[in-house]
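Every chain is numbered from 1 and lettered A, B, ... according to where its sequence line falls, protein lines coming before strand lines.
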2 protein chains.
Amino acid sequence: MATTSFQFSVAAHIMTALADHNDEHVNSAFLAESVNTEPTFVRKSLSKLVKAGLVVATRGKHGFCVLARPAAAITLADIYRASEAPATFAVHNYPVEKTCRTSSNIKKIMLDILPEAQNSFEQVLARTTLADMVQRVRLPGKQTRQAK
Amino acid sequence: MATTSFQFSVAAHIMTALADHNDEHVNSAFLAESVNTEPTFVRKSLSKLVKAGLVVATRGKHGFCVLARPAAAITLADIYRASEAPATFAVHNYPVEKTCRTSSNIKKIMLDILPEAQNSFEQVLARTTLADMVQRVRLPGKQTRQAK
DNA sequence: CCATAATGTGTTTATGATGCTCACATTATC
DNA sequence: GATAATGTGAGCATCATAAACACATTATGG
């Protein structure tokens with residue numbers, strides 16, 4: 001890979017900033033300033049969040065973005081899936097050497113394990129809601145960790 | 001990224017093949033045939049496994065590789081860490097916009113969550129040992145899943 | 001003691017996904 | 001109809017990965 005994707009990280013940033021200013025009819029230029037990047041780049045990420053049903057964006061003059069649901073009803077797992085970040089690992093795809101037991105079966109086994117590990121990873125993300133994120137951003141000193 | 005790294009997947013293949021033939025004084029050419037790639041590429045991966053203390057390789061004429069411990073004492077998590085695969089996600093690194101709460105704090109929060117999610121991911125890998133892998137390769141029909 | 005044959009590793013090249021930018025279409029307000 | 005927002009397609013630069021090659025290191029054994 002070029003670098004490990006930070007689409008999820010950027011999406012989480014956008015969503016947190018949006019949740020922190022949810023009643024202010026914020027637009028992509030405002031969010032871009034927070035992330036410190038181009039409005040276009042933010043909109044690319046935003047459009048995925050819109051398609052996933054996490055954000056509602058209105059178009060036309062004075063268009064703006066709002067959360068589609070309360071911040072407490074959106075988790076980091078929702079944002080991760082919406083951000084279309086690559087899976088935690090990929091299974092190699094070399095031709096199978098039929099005379100070898102391992103070569104003949106390893107791919108299926110790995111493809112069996114991948115979703116389990118992926119799911120466990122996402123379960124941790126599901127423990128943190130956007131409301132938690134906003135709280136932590138507003139009270140950076142206090143560690144407002146939720147129960148495990 | 002070019003593609004999501006499959007270093008872990010290849011390392012798991014190598015280790016499973018090695019475990020399946022652990023008493024046969026197998027070399028990198030044999031393993032390369034199983035993976036269907038170049039011996040050099042296998043050795044690159046192997047050398048990481050050696051450094052991690054999972055494999056012992058003897059050099060010189062008739063050099064070969066063996067597991068450093070019994071297959072039941074090596075888990076996929078050990079192999080994952082040894083393979084130096086990239087983390088499940090990266091945190092973006094744009095300059096902080098100081099006037100924004102989210103921008104000022106988001107990076108720390110994400111860097112706090114990343115290891116938790118990463119750890120959970122690796123915990124699932126830790127449930128499967130190399131001995132399990134060999135068993136599944138030898139009995140591809142039966143699903144020999146261990147307890148959760 | 002030297003040829004052989006294995007591992008170990010540094011360098012290089014090609015590829016391709018990603019990050020990023022620009023241009024422009026679409027949409028809605030005033 | 002001018003303006004200003006989102007949405008998106010196309011293209012470029014970058015950079016980690018995969019792959020290939022050359023060669024150093026190490027040990028066997030005739």
Side-chain angles (χ1 to χ4, degrees), chain A residues 1-11 13-14 18 24-33 35-66 68 82-87 89-95, chain B residues 1-11 13-14 18 24-33 35-66 68 82-87 89-95:
Chain A
M1 58 182 83
T3 61
T4 304
S5 168
F6 48 78
Q7 284 298 311
F8 166 51
S9 180
V10 168
H13 185 149
I14 291 171
L18 193 52
E24 300 175 25
H25 287 199
V26 149
N27 64 21
S28 68
F30 177 91
L31 295 172
E33 199 175 345
V35 181
N36 238 319
T37 185
E38 305 294 318
T40 301
F41 187 63
V42 167
R43 284 203 296 272
K44 286 259 167 66
S45 187
L46 260 176
S47 86
K48 289 188 248 178
L49 295 163
V50 169
K51 281 175 184 161
L54 302 181
V55 170
V56 173
T58 68
R59 300 176 66 162
K61 201 172 180 176
H62 304 141
F64 62 94
C65 308
V66 283
S83 73
E84 294 170 8
F89 69 86
V91 175
H92 63 291
N93 200 16
Y94 295 107
Chain B
M1 58 184 82
T3 61
T4 303
S5 169
F6 48 77
Q7 283 298 312
F8 167 51
S9 179
V10 167
H13 185 149
I14 291 171
L18 193 51
E24 299 175 26
H25 287 199
V26 150
N27 64 21
S28 69
F30 176 92
L31 295 172
E33 198 175 345
V35 180
N36 239 318
T37 183
E38 306 294 318
T40 301
F41 187 63
V42 167
R43 284 203 295 273
K44 285 257 167 65
S45 187
L46 260 176
S47 85
K48 290 189 246 178
L49 295 164
V50 168
K51 281 175 184 162
L54 301 181
V55 170
V56 173
T58 68
R59 300 177 65 163
K61 201 172 178 176
H62 303 142
F64 62 94
C65 307
V66 284
S83 74
E84 295 171 7
F89 69 85
V91 176
H92 64 293
N93 201 17
Y94 296 107

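- Between the CD atom of B:Glu33 and the P atom of C:dA6 there is a distance of 13 Å, rounded to whole Å.
- The phosphate of C:dT7 has OP1 or OP2 within less than 4.0 Å of a side-chain N or O from B:Arg43.
- Atom C1' of nucleotide C:dA5 and atom CZ of B:Phe30 are separated by 18 Å, given to the nearest angstrom.
- At a cut-off of 3.5 angstrom, counting only N and O atoms as typed in the model, there is no donor on one side facing an acceptor on the other between the side-chain of A:Arg59 and the base of C:dT27.
- Applying the 4.0 Å criterion to OP1 and OP2 of C:dA28, one finds that A:His62 has every side-chain N and O outside that range.
- Side-chain N/O atoms of B:Lys48 include none lying less than 4.0 angstrom from OP1 or OP2 on C:dT7.
- When atom types are taken as modelled, the side chain of A:Thr58 and the backbone of A:Gly63 share no donor-acceptor pair closer than 3.5 angstrom.
- Proximity of B:Lys51 to the phosphate of C:dT7: no side-chain N or O atom is located under 4.0 Å from OP1 or OP2.
- An OP1 or OP2 oxygen of C:dT7 is reached within less than 4.0 angstrom by a side-chain nitrogen or oxygen of B:Ser28.
- Regarding A:Phe8, its CZ atom lies at a distance of 18 Å from the C1' atom of C:dG19, rounded to whole Å.
- Rounded to whole angstrom, the span from the CZ atom of A:Phe89 across to the P atom of D:dT17 amounts to 16 Å.
- Backbone-only contact: A:Thr58 has heavy atoms under 4.0 Å from sugar-phosphate atoms and none from a base.
- At the phosphate of C:dG19, OP1 or OP2 sits under 4.0 Å from a side-chain N or O atom of A:Gln7.
- The main-chain N or O of B:Pro95 is found under 3.5 Å from a side-chain atom of A:Asn36 such that the two form a donor-acceptor pair.
- What separates CZ of A:Phe6 from P of D:dC15 is a distance of 12 Å, to the nearest Å.
- Judged by distance alone, the side chain of B:Ser28 and the main-chain N or O of B:Val42 form no donor-acceptor pair under 3.5 Å.
- Taking every heavy atom of both residues into account, B:His92 and A:Phe6 meet most closely at CB-CD1, 3.6 Å.
- With hydrogens and angles ignored, no donor-acceptor pair closer than 3.5 Å exists between the side chain of A:Lys44 and the base of D:dT6.
- Relative to the side chain of A:Tyr94, the nucleotides D:dA18, C:dC22, D:dT6 differ in distance, and D:dA18 lies closest.
- At whole-Å resolution of the value, CZ in A:Phe41 and P in D:dT8 are 16 Å apart.
- What separates CG of A:Asn93 from C1' of D:dA19 is a distance of 16 Å, to the nearest Å.
- If you find the closest nucleotide of DNA chain C to A:Gly60 and to B:Lys61, the one lying nearer the 5' end belongs to B:Lys61.
- Minimum heavy-atom separation, B:Ser83 to B:Lys48: O-NZ, 3.3 Å.
- B:Asn36 has its CG atom 16 Å from the P atom of D:dA18, to the nearest Å.
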